[in-house]
Amino acid sequence: MAVRCAEPAPPRPPRRRLVVAAGAGVALAALGACAQPARPGPRLEDFPPVPEAPAGTRVVASEAARAAVARMGRGINFGNMLDAPREGDWGLRVEERFIDLVGEGGFTRSVRLPVRWSNHASPDAAAVIDPAFFARVERIVDRLLARGCTVVLNMHHYRQLDGDTPDPSEFLVEPAVVQVRLLSIWRQIAERFAGRGERLLFEIYNEPHGVLEPHWNTLFSRALATVRRSNPTRAVIVGPVHWNAPSHLDRLVLPPDRDLVVTVHHYEPFDFTHQGAEWIQPPRPTGQDCCDDAQRRAIESPLLLSAQDRERRGFPVFVGEFGAYSRAPLNARLRYLRLKREAMERLGLPWFYWELAAGFGVFDPEAGRFREPLHQALYGG
Ligand code: GLC
């Protein structure tokens, strides 16, 4: 069980996108954080990567991986819920009524479920997942699967892995165990969900960036090999470094495995989509319109790159996150959403809107109904 250093956060701490220059490390002492002493446990070498394919072999995606992505269609992220340091810290929990929305009245049957496992697992290399938290996530996944839903289960915001500053109420671990904990956690998740059907997909890590970048391809390969021990053919999702930016797809090396799926995130034009966002430094001014020619290009060219990557590699690609924050002017936001959605769909890229019921939310949790203009722009005809 994790020993926690900090008191639980006050309700709804400010959220930040923490930009750390590549190569910059986090000095635990400087943060005044209490690192947990490492106990002997598994080491990185205990999780070997996927063996390389013989030279000259071309591996392309299986039919099952392609079908899994084709089924995604127009999805939704259950964001700011289980990806907060503790569920509820950011003012939202996964509620039964959210699950009940899935598949109703033209709404999606595809949910991406971001989960901050790292803050619910022991601080040592074994990273034993808190049983109550594990059971909670399992129940949510099973409820969604029972509704015939495609579920993307991921690992989200393991801040220390990217070298980011931890959030309030998040504990730090010894640097030596940071990466191996991701592998130990995936071993447990994979074993626990091994019996579920093919509508459940695993996404190894959200938006790798910062100090993780030079290690990402190898760490992903180790994680994939770990998952494959218990899930030989489940679709596993991977995205490029730099927050899953399409511009960095050429740095992504896929291990030889046919059941892989590639994801990208696309918040361009960033100054528009993140205007007024409290967690972005420097803050982007509000009142910005969309979409002039330059903004259209910023929307379309990363999508073209993504579609080209799909053709070049022979692996399906989808957009795991995109959206515009609520402080953008509503009409501009609607134009942006329609334009983006149409561009993704023209290129055959399934997508997941960020997110259901918080600051980007398509659903108003207080009123208990969809924000109809947004709902229409995204999921309407
Ligand atoms: C990020 C994250 C998500 C965040 C969103 C908006 O890429 O994955 O947690 O809230 O984008 O900034």
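For ligands, and for the atoms within them, numbers begin at 1 and follow the listed sequence. This one's a predicted model, so the numbers in the text were calculated from it and none came from an experiment.
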Hey, is Trp243 one of the residues with a heavy atom under 4.0 angstrom from ligand 1? no

Chi angles and distances behind the salt bridge (Lys or Arg N to Asp or Glu O under 4.0 Å) call for Glu300, Arg296: CA-CA 6 Å; Glu300 280 165 18; Arg296 280 169 189 265; 5.3 Å; no

Does only the side chain of Ile280 get under 4.0 Å from ligand 1, or the backbone, or both, or neither? Count heavy atoms. neither

Give the atom numbers and elements of ligand 1 that come within less than 4.0 Å of a heavy atom of His274. 6 (C), 12 (O)

Phe363 ring centre to Arg371 NZ or CZ under 6.0 Å, with the angle to the axis within 45°? no

Between Phe360 and Leu356, is there a shared hydrophobic cluster once you connect ILVMFWY residues whose side-chain heavy atoms come closer than 4.5 Å? yes

For Arg112 and Asn206, which I'm curious about, is there any donor-acceptor pair between the side chains at under 3.5 Å? yes

Look at ligand 1 and say whether Tyr267 reaches it with a heavy atom at a distance under 4.0 Å. yes

Give the atoms of ligand 1, by number and element, whose distance to some non-hydrogen atom of Asn206 is under 4.0 Å. 8 (O)

Which ligand 1 atoms does His156 reach within 4.0 Å, using its non-hydrogen atoms? 2 (C), 3 (C), 8 (O), 9 (O)

Could you check Phe272, Tyr267, Tyr353 and say which one makes a ring-ring contact (aromatic ring centres under 6.0 Å, His included) with Phe322? Tyr353

Which option out of His209, His157, Glu355, Glu321 puts a heavy atom nearest to atom 8 (O) of ligand 1? Glu321

Mark yes when over 12 heavy atoms from residues, nucleotides or ligands other than Glu52 sit less than 6.0 Å from its CD; otherwise mark no. no

Proximal ligand 1 atoms for Glu207, defined as those under 4.0 Å from one of its heavy atoms: 1 (C), 2 (C), 7 (O), 8 (O)

